[in-house]
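Okay, structure first, notes after.
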Amino acid sequence: MSEPSRYEPAAIEARWQRRWQELRLDATPADSDGRPPFYALSMFPYPSGTLHMGHVRNYVITDVIARLQRLRGHAVLHPMGWDGFGLPAENAAIERGSDPAEWTDRNIAQMRAQLQRLGLSIDWEREVATCHADYYRWTQWLFLQFLDAGLAYRGEALVNWDPVDQTVLANEQVDGEGRSWRSGALVEKRRLRQWFLRITAYAGELLDDLPKLEGWPERVRTMQANWIGRSTGAELQFPLLDADGQPSGEHLTVFTTRPETVYGASYVVLAPEHGLVASLTSADRRQNVTAFIDLVGRQSEQERTAEDRPKRGVPIGAHVRNPASGEVIPLWIADYVLADYGTGVVMGVPAHDQRDFLFARQYELPVRQVIIPEGSDEHAFEGGAWLENGVMIHSGPYDGLASPEAKQRIVADAEAAGWGRARLQYRLRDWLISRQRYWGCPIPVIHCPSCGVVPVPEDQLPVRLPTGLRLEGRGGSPLAKLEDWVAVPCPECGAAARRETDTMDTFMCSSWYYLRYADAHNDSLPFERAAVDRWLPVDQYVGGIEHAILHLLYSRFFTRVLRDRGLLGFDEPFARLLTQGMVQAITYRNPHTGRYVAPADVVDANDPRDPVDGQRLEVSFDKMSKSKHNGVDPGAVIERYGADTARMFILFKAPPEKDLEWEDADVEGQFRFLQRIWRLVEAAQARGLSLAAAGVEGDAAAVELTEPERELRRAVHTAIQEVSADLLGSLQCNTAVSELMKLANAMATHLEAVGEPVAREALRSLLLLLAPFAPHLAEELWQRLHGHTSDAPQADGAAFESVHRQRWPQLDEAALRRDTIPLVIQVKGKVRGSLEVPADCDAATLERLALASEVAERWLEGRPPRRVIVVPGKLVNLVP
RNA sequence: GGGAGCGUGCCGGAAUCGGUAGACGGACUCGACUCAAAAUCGAGCGCCUUCGGGCAUGUGGGUUCGAGUCCCACCGCUCCCACCA
């Protein structure tokens, strides 16, 4: 026998990747394929040029699912593409004078090569890039569908302005601290005319359908529900009085979630930005009001909305009549009222709203209690508003009613009397999609002085992004300065007109890419309906939690609009969603200087010191980032250990949805495990075992088995059962890998002692179960066991029997059965011993055996138990 | 303030329905092999113990023959929303 060979992943992986590619093993089967379709999808990356561990984790999880589903007999669509538009390309252009298109394409090529080294079973024929004209043409086409449906509009609003990126942002793109999701800059509010998509028209459906998304994490559904934020309440109209106190015929409409407190409204407040403030303000108040508005205008968004901030306001010298009580009450403006929620006008009910209470305290406005706690006529609030339900008082005909009942009646009566109506209010705002930047999809409309906004005719799409610009990063959209590009005749009347120079939010491009994969080369439509209806909804979507609201909400919206346009036939784009956790790495920080030290510069991991000043370093696990010098390069890991080890490690180290701590020692551990499998197969080969001559799968079951054979078969079929359950159920890749380890352990123990049929079954099963996780090693060992050496993989012309083209192993329930099982004996719920008993004993027999056992004798001291609980197959509990 | 999730050995993490807590891996300790080291193989590895056992899944109660799992209260951490009327 020759020297045992070593497991050298580099050569193996390159060879099989080439071979699989030649044979187009990962091609998506034709639509006519009889197998049931399965769509496995990863969130596509921004082509930054470098693959990081977060990407690796994302795509490896999806790849395991895709490979498993192929083995299980599905026709699998597993595509990849590029979220190609965006600011980094443009910023690189500004800093280095590069061309964003070239920069992006170069990055795509680089990242594609990095991805391919991971051995992902991606169908690269369906690759898309949102920044290529054959894609963005259809993004524009879809925009025109929105326009035609009345769901895209240009409107003036207070919008978020990112002073660093010099563009506006959607609400979803500003984080909880009021910072831009991209630049991290504090956003400013500006009143601008911009393009919006009317996502609010679908707010109700987007919210109501969330419970149907059973395959989504609860967390994501809750986040979306919070974001959409429905409030149930009413709009009430307060008649305006003129300077003489007579009804002017006009009224102010407020939104309230507590219409039952209307008798307690002692003032009405408008947002300072409200459009009617100027005309309602009396002459003698004008100066104060203007000064106040000015003051509020200078506050940042942060200052304005901080909850603990004192509420400020001024009366504007006008009055309204409380529509319920008839009382004349003053109009105020105040900084705690938001212009863009509800109607921008609030009724002040100090007794029953904490904000109104504080405001009334400050300005000595009357506090009128209209609800008291049940069974009490006491004042229910001391130093704060009474927010609970109770019994109505001081509310005319509603006195004595329970407040929920009064709520319904007041709304009904107000509606009948014409001064109110029930109303749902959403927190969700329309989606601001225009961006004053160059590297995005041009909005395909033309502004004509006489025809207004005119869509670019379909046959003139795409509106191509002009190339060869000098980008400076200042002074508004670069496109606006291109007179040649901007000046066009109006498509309707032919008069001189101007192109829209804003580009689209890149989230527009990513809101439909999953549809394009189903029909990636269609050049007459974005996609054929039959193709998307066949593949979608996506069976399993995998991506980061950071898109819980952004991309995932936008995509749900897009899908519904396209459904209503008849372009597709389903409601939800993603049936199952897995949000994978972050990949974190060990991070060293000098607590004195605040500087981060790269792990490579730390000499002794047990006593980490800053090489500069010898300061003891703080150790933590943090998200990998350049600034923390804690990044681990996937390329380097693959080079050292191979893609299979990287894949196995990342799957095993933590459950997919949890954060994962990258640790080199554990990577070594995974490499050792794959080496064990290598040696296991090698030892089997040395024994003359081969799969080439293997008979049918049931072979091993047919013969009379020895005890080790039965044990090994039990291990094999336990692994088949557990790995299948882990992957098909809640995607527990980590426990699936541990089941593979258990099987390998059992094989190391028993393989030498078993006959050929059982050994072959074990080897075959191990490699098939391993195939989704470590596809290269599984293929190499599979081929070797079929008599194809690595130097001469296969005779030309012979059919290539890849491990990835086999069927997932069949579970043989009979192999799991045992003759005897350990019966646990408990006394009063505590384990006191166990007894080997025949597996098929009935409850009465188990009870008898337990009572006769030494354990019973010892612990019961001769007294018969008061009670005996028998759990067949598991335990007997004796209760004295 | 509202909502969601989570607390298990030294560490990552296992534990269908309430039924032997700590699978699997890492780290560590000891042993074999080696001139030596690495690799490999074997053993040990929650805490206490008078070696009978006792105590252990954030804390305190409860339900149950039996609780990591169910219920109540509390403590701590993470995330989302938040002057949203």
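By convention in this document, chain letters (A, B, ...) are assigned in the order of the sequence lines, proteins followed by strands, and residues within each chain are numbered from 1.
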Indicate whether OP1 or OP2 belonging to [N] is found under 4.0 Å from a side-chain N or O atom of [X].
X: A:Tyr341; N: B:rA85; answer: yes
X: A:Arg219; N: B:rG5; answer: no
X: A:Arg221; N: B:rA4; answer: no

State whether the side chain of [X] and the backbone N or O of [Y] hold a donor-acceptor pair below 3.5 Å, judged by distance alone.
X: A:Lys311; Y: A:Ala360; result: no
X: A:Gln173; Y: A:Ser180; result: no
X: A:Asn877; Y: A:Ile869; result: no

Could you tell me how far apart [X] ([atom1]) and [N] ([atom2]) are, to the nearest whole angstrom?
X: A:Leu660; N: B:rG25; atom1: CG; atom2: P; answer: 18 Å
X: A:Gln224; N: B:rG3; atom1: CD; atom2: C1'; answer: 15 Å
X: A:Asp666; N: B:rG26; atom1: CG; atom2: C1'; answer: 5 Å
X: A:Glu235; N: B:rA85; atom1: CD; atom2: P; answer: 14 Å
X: A:Arg230; N: B:rG3; atom1: CZ; atom2: P; answer: 18 Å
X: A:Met223; N: B:rC79; atom1: CE; atom2: P; answer: 11 Å
X: A:Tyr426; N: B:rA85; atom1: OH; atom2: P; answer: 13 Å
X: A:Ile545; N: B:rA4; atom1: CD1; atom2: P; answer: 15 Å

Nearest-angstrom distance, [atom1] atom, [N] to [M]:
N: B:rG46; M: B:rG1; atom1: P; value: 42 Å
N: B:rC47; M: B:rA23; atom1: P; value: 14 Å
N: B:rU20; M: B:rA38; atom1: C1'; value: 40 Å
N: B:rC41; M: B:rG52; atom1: C1'; value: 37 Å
N: B:rG44; M: B:rG22; atom1: C1'; value: 16 Å
N: B:rG54; M: B:rA67; atom1: P; value: 15 Å
N: B:rC79; M: B:rU57; atom1: C1'; value: 24 Å
N: B:rU29; M: B:rG18; atom1: P; value: 42 Å

**Pair A:Phe773 and A:Phe652, ring centroids less than 6.0 Å apart** =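 They do not qualify: ring centres at least 6.0 Å apart.
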**Asked** Does the pair A:Glu739/A:Lys742 count as a salt bridge with the N-to-O cut at 4.0 Å?
**Response**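 Yes, charged N to carboxylate O under 4.0 Å.
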**Prompt:** Would you call A:Arg258 and A:Asp353 a salt bridge, using N to O less than 4.0 angstrom?
**Reply:**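 Between A:Asp353 and A:Arg258 there is no salt bridge, as every charged N stays at least 4.0 Å from the carboxylate O atoms.
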**Asked** Of A:Val56, A:Leu660, A:Val637, which meets side-chain contact (heavy atoms from CB on, under 4.5 Å) against A:Phe649?
**Response** A:Leu660
Would [N] be called syn or anti here, given the cut-off of 90° from 0?
N: B:rG9; answer: syn
N: B:rC70; answer: anti
N: B:rG5; answer: anti

**Asked** Of all residues at least two apart in sequence or in a different chain, which pass the ring-ring contact (aromatic ring centres under 6.0 Å, His included) check with A:Trp227?
**Response**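 Not a single residue meets the ring-ring contact (aromatic ring centres under 6.0 Å, His included) criterion with A:Trp227.
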**Message:** For RNA chain B, report each stem as range with range, ordered by first number, or say none. Use Watson-Crick or G-U wobble pairs under 3.5 Å, at least 3 in a row.
**Reply:**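 Stems found: B:1-7 with B:75-81, B:10-12 with B:24-26, B:28-32 with B:40-44, B:46-48 with B:53-55, B:58-62 with B:70-74.
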**Prompt:** Tell me, for nucleotides 11-24 of chain B in 5' to 3' order, what letter each nucleotide earns: B for a base near a protein heavy atom under 4.0 Å, S for only sugar-phosphate near one, - for neither?
**Reply:** -BSS----BB--BB
**Fill in**
In B/S/- notation (B base, S sugar-phosphate only, - none; protein heavy atoms under 4.0 Å), nucleotides 41-53 of chain B written 5' to 3' is S----------SS
**Asked** Does the pair A:Tyr7 and A:Thr645 meet the rule for a side-chain hydrogen bond (donor to acceptor under 3.5 Å, both in side chains), with working shown?
**Response** CA-CA 11 Å; A:Tyr7 169 44; A:Thr645 294; 4.5 Å; no
**Item:** Most 5' of A:Gly669 and A:Leu878 on RNA chain B, judged by nearest nucleotide
**Value:**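 Its nearest nucleotide lies further toward 5', so the answer is A:Gly669.
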**Asked** 5'-most contact on RNA chain B: A:Glu218 or A:Thr257, nearest heavy atom basis?
**Response**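 The residue whose closest nucleotide sits nearer the 5' end is A:Glu218.
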Just so I know, are the side chains of [X] and [Y] near enough to count as touching, which here means a heavy-atom distance under 4.5 Å?
X: A:Leu553; Y: A:Ile199; answer: yes
X: A:Arg556; Y: A:Leu213; answer: yes
X: A:Glu663; Y: A:Lys653; answer: yes

**Asked** Below 3.5 Å, does any donor atom in the side chain of A:Lys828 face an acceptor in the base of B:rC65, or the other way round?
**Response** no
**Asked** Does anything in residues 214-231 of chain A pair up under salt bridge (charged side-chain N to carboxylate O under 4.0 Å, His left out), and if so which pairs, sequence neighbours excluded?
**Response** A:Asp208-A:Arg230, A:Glu218-A:Arg221
**Request:** Compare the minimum distances between each of B:rA27, B:rC80, B:rA85 and the side chain of A:Ile549, then state the nucleotide with the smallest one.
**Result:** B:rC80
**Request:** List in chain and number order the residues that pass salt bridge (Lys or Arg N to Asp or Glu O under 4.0 Å) with A:Arg848, two or more places apart in sequence or in another chain; answer none if no residue qualifies.
**Result:** none
**Prompt:** Heavy atoms under 4.0 Å, any strand shown: does A:Arg672 hit a base, just sugar-phosphate, or nothing?
**Reply:** sugar-phosphate
